[in-house]
Amino acid sequence: MKTVVIIGAGPAGITAAKELANKQSEYRIILLEESNEIGGISRTIKINDNRMDIGGHRFFSKDERVMQWWRDIMPVQGKPSFDDKLLGREKTFSPDGPDPEVEDNVFLVRDRVSRIYFLNRFFDYPISLKPRTFINMGFTRTMKSGFTYLGAVVHKREEKSLEDLYINRFGRELYSMFFEGYTEKLWGRHPSQIDPSWGKQRVKGISVTEVVRNALGSISGKKKSNETSLIESFNYPKFGPGQLWEKACEEAQSMGVTLIKNAKVVGLTKDGNKLSSVKYIKDGEEISVDADIVMSSMPVKDLVSSMEFDVPENIRRIAQGLPYRDFVTIGLLVDKLNLKNETDMKTLGNIVPDCWIYVQDTGVKLGRIQVFNNWSPYLVKDPMNTVWLGLEYFCAENDDFWNMSDEEAARFAIDELVKMGVITSKDNVLDFHRERVKKAYPAYFDTYSEMPALVDYLNGFENLYCIGRNGQHRYNNMDHSMATAFEAVNAIENETKDKTAIWNVNTEQEYHEEKKI
């Protein structure tokens, strides 16, 4: 029986553990998690009977393996029964929906509504061709947007930076309005200093052309775009993403996986071109476990620094120089919003229908607002009379914002919401909670351009498989992280030394190339 040590109990680590556990007679699986929680940034935190989703997680993928994996763990409930129950109406289920006796362990079908708050007005995200968009922009901005986009179509820039990519796809005016300031908030760097790879992964096939295609499809009744940024609905666990990952981890443990929490990996040893042991600290004690196979979703920087053997100086330099962006979510429970629901969408309490509100205003530090009521009303103790918000801030570990006390951070966030007109005053706030996440976003500058050399070095260890967002230093979505685990398990089972398929997840050209009409 081979011993497999999996580092990190986030989506990639849990997926790998559960997949390998299906071959339980072949593997002894140890899942190490540094914190006391599982799910990574996909966990759900409970605060005074309200639940917080760290970062927001839509359960949608173009990868059917991922969709089926999710459905196998948690069935999908018929729409709109989740709101029916809260409103006291008779419960309804779709023909293929779950049995009422297990209705807590279900996916809800949610409307995807994300908008941009800019100039004290709401814009669709991604930008749509609705009349309201042009009214909000005004005649001058609309004309400039059209002409600069046409200019970008005729004169393509060489895409040396993220700025080049955005201007090529949207034109300079739309770039300046909706991408430049927000991107700098997110990364702490101007888009001209960021590698375009990030935009290719996140924007993928989205452009003005694709937005037009989607609008025409809506008018004609034809199939709309399946680009992730343009989907109109998604699945979501009734009690937040952590509900699914906790259930998945429980299933993995029932199949023999050993989960060890509060286990910080501090050392790796090798024998030839294979890693031979993993050392971790738990309760102040250093423990070493021999490993036949190592699957790592820990940050690449930390993985290399844990190697207790000679590592080429250049490799250590690249790993040490890899940048990250850290993340703070401040949950605010308020009695009401100072924003009117001017859409035709019905919501509990008639609040705005947004899951996310992107804040383009460079006069505030706030980057994005989650309205948890709209992700799932079950995240909120009293969704009819209170609104549970998640205010997302991007920062650097140990900077001034990171080092604020919980109370200072809450006051800062409240003042910004009042300044923006989202709430009237601090008297609207009933409760708050601050959550900090280290290395939430692998960044695409500094030594990132030298990643190929680092990947080659890591691939040189026959029994090491790097998976997940931080494990590959790639801004993967949840489904991409799972896909890296699928590919790694496949490589292990087939005893192949070629790890190309693992590293190729979320890089395929079909995702990058703009679709033509």
Next on the checklist: Can you give me the closest heavy-atom contact between Val265 and Ser306, atom names plus distance?
Outcome noted: O-OG, 4.0 Å
Next on the checklist: Taking salt bridge (Lys or Arg N to Asp or Glu O under 4.0 Å) as the definition, give me every residue that meets it alongside Glu159, ordered by chain and number, with sequence neighbours left out.
Outcome noted: none
Next on the checklist: Applying ring pair (Phe, Tyr, Trp, His ring centres under 6.0 Å) as the test, list every pair that has at least one member in residues 245-268; sequence neighbours left out.
Outcome noted: Trp69-Trp245
Checklist entry - By ring pair (Phe, Tyr, Trp, His ring centres under 6.0 Å), which residues pair with Phe461, not counting sequence neighbours? => result Phe309, Tyr457
Checklist entry - Just wondering, are more than 12 heavy atoms of other shown residues or ligands nearer than 6.0 Å to NZ in Lys160? => result no
Item to check | Which residues share a side-chain hydrogen bond (donor to acceptor under 3.5 Å, both in side chains) with Arg434, sequence neighbours left out | outcome: Asp406
Next on the checklist: Going by salt bridge (Lys or Arg N to Asp or Glu O under 4.0 Å), name the residues that satisfy it together with Glu184, two or more places apart in sequence or in a different chain.
Outcome noted: none
Item to check | All pairs passing side-chain hydrogen bond (donor to acceptor under 3.5 Å, both in side chains) where residues 259-274 contributes a residue, at least two apart | outcome: Glu34-Lys264, Asn36-Asn262, Thr269-Ser276, Thr269-Ser277, Asn273-Glu462
Item to check | Whether over 12 other heavy atoms sit under 6.0 Å from Glu495 CD | outcome: no
Checklist outcome for this item: Residue set satisfying side-chain hydrogen bond (donor to acceptor under 3.5 Å, both in side chains) with Asn48, at least two apart, ordered chain then number -> Asp431
Next on the checklist: Is any side-chain heavy atom of Ser296 closer than 4.5 Å to one of Leu464?
Outcome noted: yes
Checklist entry - Residues two or more places apart in sequence or in another chain: which of them pass side chain to side chain contact (heavy atoms under 4.5 Å, CB included) with Ser481? => result Ala12, Arg469, Asn476
Checklist entry - Can a donor-acceptor pair be found between the side chains of Asp195 and Ser197 at a distance below 3.5 Å? => result yes
Item to check | Side-chain heavy-atom pair Ile287, Ile281 within 4.5 angstrom cut-off | outcome: no
Checklist outcome for this item: Taking every heavy atom of Ile318 against every heavy atom of Ala453, the minimum-distance pair comes out as CD1-CB, 4.1 Å
Item to check | Exercise: identify the closest heavy-atom pair between Leu259 and Ala9 | outcome: CD1-CB, 4.3 Å
Next on the checklist: Within the 3.5 Å criterion, strictly below it, is a donor on Arg71 or Gln68 matched to an acceptor on the partner's side chain?
Outcome noted: yes
Checklist entry - Which word best sums up how the rings of Trp388 and Phe372 line up, parallel for under 30°, tilted for 30 to 60°, or perpendicular for over 60°? => result tilted
Item to check | Close side-chain approach of Tyr358 to Gln360, heavy-atom, < 4.5 Å | outcome: yes
Checklist entry - Which pairs pass salt bridge (Lys or Arg N to Asp or Glu O under 4.0 Å) with one or both residues in residues 286-296, sequence neighbours excluded? => result none
Checklist entry - What heavy-atom pair brings Ala263 and Leu32 nearest, and what distance separates the two atoms? => result CB-CD2, 4.2 Å
Next on the checklist: Please report whether the ring centroid of His480 lies less than 6.0 Å from that of Tyr475.
Outcome noted: no
Next on the checklist: Using the side chain to side chain contact (heavy atoms under 4.5 Å, CB included) criterion, which residues pair with Leu186? Sequence neighbours excluded.
Outcome noted: Trp198, Phe394, Tyr441
Checklist entry - With sequence neighbours left out, what residues match Trp375 under side-chain hydrogen bond (donor to acceptor under 3.5 Å, both in side chains)? => result Gln370
Next on the checklist: List the residues meeting side-chain hydrogen bond (donor to acceptor under 3.5 Å, both in side chains) with Arg325, not counting sequence neighbours, and say none if there are none.
Outcome noted: none
Next on the checklist: So that I know where these two stand, are Phe178 and Phe170 an aromatic pair - ring centroids less than 6.0 Å apart?
Outcome noted: no
